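None of these values were measured; they are calculated from a predicted model. In what follows, chains are A, B, ... by sequence order, proteins preceding strands, each numbered from 1.
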Amino acid sequence: MEKIQKIKGFADILPPLSQVYDHMERTAKGIFALYGYREVRLPILERTELFCRSIGEETDVVQKEMYTFPDRKGRSLTMRPEATAGVMRAYIENNLQAQEELTKLYTAGPMFRYERPQKGRMRQFHQINVEAVGSPSPLLDAEILFMLAHFLQELGIPDLNIEVNSLGCPDCRPSYHEALHEYFRGFDTGTLCDDCLRRKLTNPLRVLDCKVPACKELTKTAPLIADYQCPACREHFQAVLAALDARKMPYVLAPRLVRGLDYYVRTTFEVTSGKIGAQSSVAGGGRYDGLISSLGGPDLPGVGFACGMERLALLLGEPEPVRPDFHLVALGAEALPAGLLLAQELRAAGLGGECALTARSAKSQMRLADRLKPRYCLILGESELASGTVVVKNLGLGTQETVVRSGLATFLRNSDNQ
RNA sequence: GUGGCUGUAGCUCAGCUGGCAGAGCACUCGGCUGUGACCCGGGUUGUCGUGGGUUCAAACCCCAUCAGCCACCCCA
């Protein structure tokens, strides 16, 4: 029979890597709880229109990266390419604004984008996502950045760069776009790279982010967003930075930082690492004040970020294997079922480990025990069955002693052999 | 969507100008009636990614296709 293989860009997350994912989610849960965030679990499939309206019709994500298909009744569905849209849909649909003034939510799970896979980029990837809805305060922007930094620090990831920018708002951004347009108009073939010639028309902000030296040189004298922001946006951004400074949080101002999702306004940020290849962005987010009303909800502001779990996993490395408390070696036909009963007693007492299930030589069972690195190897044979004892062997030290069965759980629990 | 590199044992990889499919690790059995690691000896493991083509003969050359990796692009 022909084997069926997984879809391109999709991955099986097996042990021990699955432990890393579990660790990330547990750490997130613990840290986020300190800030008042609660978990939501939302559908992976949504109506296509949700993403067109939130992410933006003209973005790359919507234009060429979505898994979109009709259901059995011909309605267009899309596998979520990001989490914020779905969280906002759920917020509106469940009238969460009626429950509390500020709603703090987080979620973790798979996202789907049809892109060419490479290091740190899969078609099914996983994000931890945080959203805070209901407050326009710049202090909330700062708090969410504190929380993101706190989370990454708790995971123990060094050498991350936190970049911060303000994109302005619908009131002031058009004038900046206009200015950029004006600035780039003069540059033609030979001055800007081919990509930027396209970008200066579609998304002039992206030209500022180009890595080609010639383009970089030109952008040095390009107009700055800061000079075009309205007083309200300027004040907001200054308040965010003041809060970050007061806590002495390390960050860099990135006036060229652009986001590929249309809903972002004012504060935006990105966390990058130089150690994981070209896809260096580990987390990214910002404020999205007009998003909820554009989806038919109340006119409430929001802030959030997404954290890429595959990229975090690249930085975390292999986890320590968990050491079982015991491994039980059973010698002889009668010792096998007796060994299972004994193992079950120990598990009931909160001790973890495995026992032999099939009759094999002492040598092969001991070899297996050695691989599993249990705190103790327990040996149960005919003579131990007869005397109601168990041989307890410390594989690290090579020492062993005979312990009465009734006292075994206590003996194992009190031992300091880790 | 574009470009480059790569697919050979469970894993890591050799395999020359086309001529019997290899090594190390792992696994397994034994040396040691019921004691692991270290040591010694034996043993198992393959549609050479897949499908075509060239050839007396293809893991090797050609075409196609699938998958992986890296980069562009884009983003977490």
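- Distances from the side chain of A/Asp60 to the nucleotides B/U35, B/A76, B/C74 place B/C74 closest.
- When the side-chain nitrogen and oxygen atoms of A/Arg367 are compared with OP1 and OP2 of B/A37, one or more of them lie within a distance under 4.0 Å.
- Donor-acceptor pairing under 3.5 Å is lacking for the side chains of A/Ser137 and A/Ser135.
- Under 4.0 Å is where a charged nitrogen must lie from a carboxylate oxygen, and between A/Arg41 and A/Glu39 at least one such pair does.
- You'll find that the side chain of A/Lys64 is closest to B/C73, out of B/G36, B/C73, B/A76.
- Counting only heavy atoms from C-beta on, A/Glu382 has its side chain closest to B/G34 among B/A67, B/G34, B/A76.
- For the pair A/Pro117 and A/Ala306, nearest-nucleotide mapping onto RNA chain B gives the more 5' position to A/Pro117.
- Counting only heavy atoms from C-beta on, A/Arg311 has its side chain closest to B/A76 among B/A76, B/A67, B/G34.
- With hydrogens and angles ignored, a donor-acceptor pair under 3.5 angstrom links the side chain of A/Glu384 to the base of B/G34.
- Judged by distance alone, the side chains of A/Asp141 and A/His236 do bring a donor and an acceptor atom under 3.5 Å apart.
- Nearest nucleotide to the A/Arg259 side chain, out of B/C72, B/A76, B/U35: B/A76.
- One donor-acceptor pair, N or O on each side, does fall under 3.5 Å between the base of B/G31 and the side chain of A/Lys363.
- Computed from coordinates, the A/Arg360 CZ to B/U35 C1' distance equals 15 Å when rounded to whole Å.
- Dashed line: the shortest gap from a side-chain N or O of A/Arg371 to OP1 or OP2 of B/C27 is under 4.0 Å.
- In the set B/A76, B/U35, B/C74, the nucleotide with an atom closest to the side chain of A/Gln279 is B/C74.
- Side-chain to base pairing of A/Gln365 with B/U35: no donor and acceptor N or O lie closer than 3.5 Å to each other.
- Residues A/Arg89 and A/Tyr91 are not in side-chain contact: their nearest non-hydrogen atoms beyond the backbone lie 4.5 Å or more apart.
- If you check B/G51 for Watson-Crick or wobble pairing at under 3.5 angstrom, you find it paired to B/C63.
- Of the candidates B/C74, B/C27, B/C72, the closest approach to any side-chain atom of A/Gln118 belongs to B/C72.
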Pair A/Tyr251-A/Asp245, side-chain hydrogen bond (donor to acceptor under 3.5 Å, both in side chains): steps then yes or no | CA-CA 9 Å; A/Tyr251 67 89; A/Asp245 291 338; 3.0 Å; yes
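- In this structure, A/Glu82 reaches neither bases nor backbone, as no heavy-atom distance under 4.0 Å exists between it and the strands shown.
- If you check B/G46 for Watson-Crick or wobble pairing at under 3.5 angstrom, you find it has no partner at all.
- At the heavy-atom level, A/Lys393 lies under 4.0 Å from base atoms of the strands shown.
- Judged by distance alone, with hydrogens and angles left aside, A/Ser364 brings no side-chain donor or acceptor close enough to the base of B/G36 to form a pair under 3.5 Å.
- Backbone-only engagement by A/Gly277 is indicated by non-hydrogen atom pairs under 4.0 Å involving sugar-phosphate atoms exclusively.
- With hydrogens and angles left out, the side chain of A/Arg121 and the base of B/C74 share a donor-acceptor pair within 3.5 Å.
- The CD atom of A/Glu115 sits 14 Å away from the C1' atom of B/U2 (whole-angstrom rounding).
- Note: CD (A/Gln127) to P (B/A76) measures 7 Å, nearest angstrom.
- An OP1 or OP2 oxygen of B/C70 is reached within less than 4.0 angstrom by no side-chain nitrogen or oxygen of A/Arg116.
- Using a 4.0 Å cut-off between a side-chain N of Lys or Arg and a carboxylate O of Asp or Glu, A/Glu345 and A/Arg405 qualify as a salt bridge.
- Following rounding to the nearest Å, A/Tyr263 (OH) and B/A76 (C1') show an atom-to-atom distance of 11 Å.
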